[in-house]
J.: 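Next up is a structure, given as structure tokens.
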Amino acid sequence: MTTVDDTRTGAPGAGGKQEPGDRPEPVEKPAGGAVVRRARATVLTVGLVGALVVCALFAAGVGAYDIPLGDVVGSLMNRLGLGGAPLDRVGESVLWNVRMPRVVLAMLVGASLACAGALMQGVFGNPLAEPGVIGVSAGAAVGAVAAIAFGLNFLGNWTITSLAFVFGLATVLLVYTLSRSGGRTEVVTLILTGIAVNAFGFALVGLFVFFADSAQVTQITFWQLGSLAQATWPKVFAVLPCALLGLLVAPLYARKLDLLALGERPARHLGVPVERMRLVLIVVVALLTAAAVAVAGIITFVGLLVPHLLRMAAGPGHRFLIPGSALGGALVLLVADLAARTLAAPAELPLGVLTALIGSPFFFWLLRRTRRRQGGWA
Amino acid sequence: MTEQQEVTRQLGADEQRDVPERPEPPGLLGRLLARRAPRRVPAPLARGAVAAETRDVAVRLGGRLVLDGVDLAARAGEVLALVGPNGAGKSTLFAALAGDVAVERGGVRVYGRPAERWGAAELALRRAVLPQSSSLAFPFAVAEVVAMGRAPWAGTPAAEEDGRVVAEAMAATEVERFADRPFSALSGGERARVSLARALAQQTGLLLLDEPTAALDLRHQELVLRICRRRAAAGDAVVVVLHDLGLAAAYADRVAVLSGGRLVADGPPASVLRAELLSEVYRQPVEVLPHPHGGAPLVVPVRPAGGTGPRGTEIAVDR
């Protein structure tokens, strides 16, 4: 056992004796998996952007009044002053007053929801967190329904959005405080808290509906099912600031969210100001959720489905996951909305019902998988 | 200027002074929102300088005084082993040194400044922590986990070294073989080594390791403590919580013995690891023998006489 004393007194490398555990100068070798993942992230980003553009143009043309893809592009170029040609009066009106706001709104709502989902999963350190599941959407809905039912209008166009934001924020803070213990959020606690918060939120919504008159009830019911049928430019502008602010701030925290996956203390040891980041991100989640809920009602599972699929494809790194989720969410909701208004034409399926039909089985599968990995909920 | 001669590792000689942070290229919004306290890259500590110390520290957890009047200093160029029986307050003292717990009395200083006055980002450039156990919320690959240790240096000139430092840390802890595997698919011992690699990659002058050998086999226990020695030889302060007194005796420059929330001994292994002290602290009779080669103290529990040991006694009871 002379090696012990050698290492105690000898300077590193000066002893001359190579210990079995020591390798000579390690070669700089990038990790294969990480490289593959980065390449996949690049391919996915390009693919998502491409698909989004194509689908948006296509969706703008499809409907009761069909506009060929070429004409959509022509009219768009014309508006941007890049040549092209305007359509006839009806076509131009349908495209720019009906379809375009709807397409833009679908993308905004989808991007907001999926991004909020990705952020929330990162902040809670729990892959099952999602605005709909844990009740943030219901909370925001209480604010929005209150605005509709009581005919509130003190902030003009932005009243519904701001009320949805305030209530949504209060709900995230509540769920966050209730579902954490010892710096961790257990799946069971989170889901159970979500159930309670959802129940309370919907009870309040029900109460407001009870007090509303019949015209408002129709409006609320329609909106409760989740729909983009009433998309207009003013609605787009009512949520644009919220959604845009949230979507721009979120990527700034990508690297810190990666570190948070290690747990709160280790993240702090690596220089993350955990408390401040958590507060900022909770506000961002509330902003994004409120933006989506205020115009589209409650649309569940987009925030769960999209980040999960992207994590499977390109790994859990938030530098791709956050912008990727925004893109993916926009694409998913755009396609879902297109399906909602064309599958049963001339009638229209409620968008929220459609996403829940597809999302719930996925959530179920995810729950089963998480349970299997953890070996039960205990 | 002996200080100048000794600091030749991480940074070149001309970079010892506080290096201004290289400006990141953020967008307008990024600059508005990511308002950061200016970070100063630390100059390496002179050998023997105090990297972290507790002065008369008392900590109360759940109404119980778990630390009471502890004075301890971790010095650059030295491996300090924290030992003691279960519940003696090792982990609390460790957490106090890391700046993780609020003290009821006394103070903790890291790099000469009260721990609570450091921002998280600046502290992360000065001390790295290996927790007792590690978990990960999402399936990051091992190489990505180790690279997380470089996060504090983002935006400083040292960030250019990231690739090399990560590769070296992974080589030193022998985790290169599973660089691409998800962290969650590893065994306990493998996870411990990956987490150690992450802490090493942080390249701080103060390295705090909480039971780094608990989940490891014999070979890797030795490996980890050799790494500690190497870091100390390079001028870092290393604090390591250990249960194995043999490892502490063989590798530590100084051993601090905790018992009932108080420091009962602090000094070189040969003078601290005495049979009567350890027997009393652990409430288990022990013998301390000099190692036949080199004379490092060997700590052995005293077992019933008769040559057969505990198994013999069992048989005797059966009859």
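Chain letters run A, B, ... following the sequence lines, proteins first, then strands; residues in each count from 1.
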J.: Can you name the residues that form a salt bridge (charged side-chain N to carboxylate O under 4.0 Å, His left out) with B/Glu78, not counting sequence neighbours?
T.: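 In terms of salt bridge (charged side-chain N to carboxylate O under 4.0 Å, His left out), with neighbours along the sequence ignored, B/Glu78 is linked to B/Arg254.
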J.: To the nearest 0.5 Å, what is the distance between CZ (B/Phe138) and CG (A/Leu257)?
T.: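 B/Phe138 CZ to A/Leu257 CG: 8.5 Å, rounded to 0.5 Å.
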J.: Evaluate B/Glu144 against A/Asp258 for side chain to side chain contact (heavy atoms under 4.5 Å, CB included), listing each step before the verdict.
T.: CA-CA 9 Å; B/Glu144 291 172 310; A/Asp258 284 356; over 6 Å; no
J.: Let me know if B/Ala95 has heavy atoms under 4.5 Å from chain A in its side chain, its backbone, both or neither.
T.: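 Looking at B/Ala95, just its side chain touches chain A.
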J.: Do B/Leu123 and A/Arg268 have side-chain heavy atoms sitting under 4.5 Å apart?
T.: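 Side-chain contact under 4.5 Å: no.
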J.: Heavy atoms under 4.5 Å from chain B: which residues of residues 314-322 of chain A carry them?
T.: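 Within residues 314-322 of chain A, near chain B: A/Pro316, A/Gly317, A/His318.
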J.: Under 3.5 Å, which donor-acceptor pairs link side chains of residues 112-125 of chain A to any protein atom two or more places apart or in another chain?
T.:
unit_1, atom_1, unit_2, atom_2, d
A/Ser112, OG, A/Leu108, O, 2.7
A/Gln121, OE1, A/Arg311, NH1, 3.4
A/Gln121, OE1, A/Arg311, NH2, 2.8
A/Gln121, NE2, A/Gly117, O, 3.3
A/Gln121, NE2, A/Ala129, O, 3.0
A/Gln121, NE2, A/Gly303, O, 3.1

J.: Between chain A and each of B/Ala120, B/Ala124, B/Ala199, count heavy-atom pairs under 4.5 Å; write down the option with the most.
T.: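 The option with the most such pairs is B/Ala120.
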J.: To the nearest 0.5 angstrom, please state how far the CG atom of A/Leu270 sits from the CZ atom of B/Arg150.
T.: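 The CZ atom of B/Arg150 is 11.0 Å from CG of A/Leu270, to the nearest 0.5 Å.
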J.: Would you please name every residue forming a salt bridge (charged side-chain N to carboxylate O under 4.0 Å, His left out) with B/Arg191, sequence neighbours left out?
T.: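 B/Arg191: no salt bridge (charged side-chain N to carboxylate O under 4.0 Å, His left out) contacts found.
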J.: Could you check whether any side-chain heavy atom of B/Arg127 comes within less than 4.5 Å of a side-chain heavy atom of A/His269, counting everything from C-beta outward?
T.: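 Yes, their side chains come closer than 4.5 Å.
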